[in-house]
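Structure, as C-alpha cells:
Everything numeric here is computed off the predicted structure, so don't read it as measured data. Note on naming: letters A, B, ... go to the chains in the order of the sequence lines (proteins, then strands), and numbering restarts at 1 for each one.
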Amino acid sequence: MSQTRELEDLELRLRDHFRTEANALPIVEDLWERLSPQLDSREDQCVVNDGRVQASPRKPFWWRTGHFSLVPLHRHLAWVAVLALVLGGLGLTLLASPEVRAQIVRFVILMPSLSKGPATSDVRPNQGLPAAPVFPRNESGQTYGSDLGATSWDTVPDLIKAIGVDGTEGYLRREDVYEAPPKTPDEALARQRSRMGTVRQIPLYAVDGKTIIGVFNIGAIQGSAPH
Amino acid sequence: MNEAELLSRCRSGDRDAFRLLVEEHGDLVRRTAYLMVGDRLLAEDLSQEAFLLAWRGIGTFRTETGFKPWLMRILTNCIASHRRRRSPRVLPLETVETLEEPSDPEPGPHEQAERAERGREMADALATLPEEWSRVLVLRYYVELSVPEIALALDWPEGTVKSRLHRSLEALRKVLGRADEQGSAVRRQPPQGSLVL
C-alpha cells in the first residue's frame with residue numbers, strides 16, 4: 001500500500017474513531033438552562049487586572065506576568081471596600097477588603113516564590129495569618145498605623161498610614177478608605193465600573209486625625225498607597 | 001441570522017443571541033472536551049466554563065479569527081488550566097466499548113467485534129501519544145479545523161501544528177502497524193487441537 005493511501009486510511013480511521021467515541025456522550029438538551037444562570041453569577045471570584053475588577057468562574061489563585069487572580073473572595077467580603085495597594089514596578093492596583101488583602105500580603109509579598117512563575121494554592125480565609133498588630137493611639141484615642149497586617153475590619157486602625165500624592169507621609173481615615181459595603185455583587189460591579197479609570201481624592205491627615213496635610217488618590221497608579 | 005450578526009449582538013449583551021451560539025456549538029464543544037479529557041462530568045464542567053468565558057470575553061473576539069477556533073482556544077485553555085490544577089491524565093478508555101452509530105444500519109456480530117477491536121487498538125495507540133499531540137488530532141479530525149485554525153486554537157505557529165500533526169500520525173501509524181502485525185501473528189497460529197499437515 002502506498003504511503004499516501006496509508007495516510008488517508010489512517011485519517012479515515014481517526015475520524016471514525018473520534019466520531020464513535022464522541023457519540024458515546026449523550027445529547028444534552030438543557031445545556032443552556034444550566035449555563036444561563038451562571039452568566040450573571042459573579043460572586044465566586046474576581047480577577048484584578050491592572051486595577052480592573054472582572055468576574056471569573058472558578059479560577060485558581062495563580063500569578064502570571066501582568067495578570068493576577070484572587071480566590072476565593074467571599075461573597076460578603078469581596079466587594080466590601082476599596083483599598084489601593086501598589087506593588088512596586090508592577091503598578092498593580094488591587095481592590096479588596098482587609099481580609100482579602102491580608103491574603104494578598106501573605107501570598108504575594110510574604111511568599112516570594114509566587115513571583116517566580118505560575119503557582120497554585122488554595123487560599124483559606126484567616127488561616128495561618130500573622131496576628132493583628134496592636135496599634136498606638138493618638139490624643140483623641142484613635143488607633144493609627146499601617147493596615148497591611150489587618151486580617152478583619154476590627155483590626156484596621158482608625159487612621160491608616162499612607163503617603164500622599166506629593167510624598168507627604170500621613171494618615172487616612174478608615175471611613176474614607178473603606179466605604180459602605182455594596183449589598184450585592186452586581187452593585188459592587190456597577191460601582192466598580194462607574195469608577196473605572198477615575199481617581200477619588202481623599203484627605204491625608206496628620207497623626208491627630210484632624211489636620212489635613214495632603215491628598216491621597218484612590219484608584220491611581222502613580223500616587224501612593226497605604227503601607 | 002448569520003454567525004457574524006449573532007456575535008455582534010452578543011457583544012452588545014444580547015443573551016438570546018448567545019443562546020443560539022450555545023445551541024449551535026454546544027454539542028461540539030462538549031464532545032471535543034470529552035475526547036480531550038476522557039471524563040464525562042469533567043467534560044461537561046469544562047465546556048460550561050468555556051462558554052462562560054466566551055460570554056465574558058466576547059468583546060475581545062475578532063471576527064476574522066473565526067468563532068469556532070476561538071471557542072476551541074478557550075476550551076483548550078480551560079483544559080490546560082485544569083491540568084495544571086489537577087494532573088494526572090485520564091485516558092479515554094471507557095468509551096471504546098460503545099460503538100453506537102445511529103446513522104448506520106445495525107452491524108452484524110462479526111463486524112461489531114471487529115470494529116470494537118479496531119476501536120480498542122486506536123484508543124491504545126492514541127494513549128501512547130503526548131497529550132498535546134492528541135489534542136491536535138482531535139481538533140483536526142473531529143472538529144475539522146484547518147491547520148491555521150488549529151494554530152489559532154492552540155496558540156502555536158502553523159509550522160508547529162504541521163510538524164506535530166505529521167509526527168503524531170507517523171507515531172500512530174507505527175503503533176497501529178505493530179498491533180496489526182501482532183494480530184496477524186496470532187491469527188496465523190493454528191487453533192489448538194488441529195492437525196498441521
(message) Using every non-hydrogen atom in the two residues, find where A:H17 and B:A123 come nearest and quote the distance to one decimal.
(response) CE1-N, 3.7 Å
(message) Tell me every residue that passes side chain to side chain contact (heavy atoms under 4.5 Å, CB included) with A:R34, counting only those two or more places apart in sequence or in another chain.
(response) A:V28, A:D30, A:L31, B:E44, B:Q48
(request) Name all residues meeting the side chain to side chain contact (heavy atoms under 4.5 Å, CB included) criterion together with A:L7; count only those two or more places apart in sequence or in a different chain, and write none if there are none. (result) A:E11, B:L169
(request) Give, for atom CG of B:L35 and atom CG of A:L25, the distance between the pair rounded to the nearest 0.5 Å. (result) 8.5 Å
(message) Do A:R13 and B:L172 make a side-chain contact, defined as non-hydrogen atoms from C-beta onward lying under 4.5 Å apart?
(response) no
(request) Test side chain to side chain contact (heavy atoms under 4.5 Å, CB included) on A:F18 and B:L126 and set out the steps. (result) CA-CA 11 Å; A:F18 285 143; B:L126 284 168; 3.8 Å; yes
(request) Would you tell me whether A:S36 and B:R15 have side-chain atoms, one donor and one acceptor, within less than 3.5 Å of each other? (result) yes
(request) Could you have a look at B:M122, B:E144, B:R140, B:E170 and say which one has the most heavy-atom pairs with chain A under 4.5 angstrom? (result) B:M122
(request) Can you sort out the partners of A:T4 under side chain to side chain contact (heavy atoms under 4.5 Å, CB included), two or more places apart, ordered by chain and number? (result) A:S2, A:E8
(request) List the atom of A:P26, the atom of B:R30, and the distance in Å for their closest heavy-atom pair. (result) O-NH2, 2.7 Å
(message) Measuring from atom OH of B:Y142 to atom CZ of A:R15, what distance do you get when rounded to the nearest 0.5 angstrom?
(response) 13.0 Å
(message) For residues 145-157 of chain B, give me every residue with a non-hydrogen atom less than 4.5 Å from any non-hydrogen atom of chain A.
(response) none
(request) With the side chain counted from C-beta on, respond yes when A:D16 and B:R118 share a heavy-atom pair under 4.5 Å apart, and no when they do not. (result) no
(request) Calculate, to the nearest 0.5 Å, the distance between atoms CG and CZ belonging to A:L10 and B:R173 respectively. (result) 8.5 Å
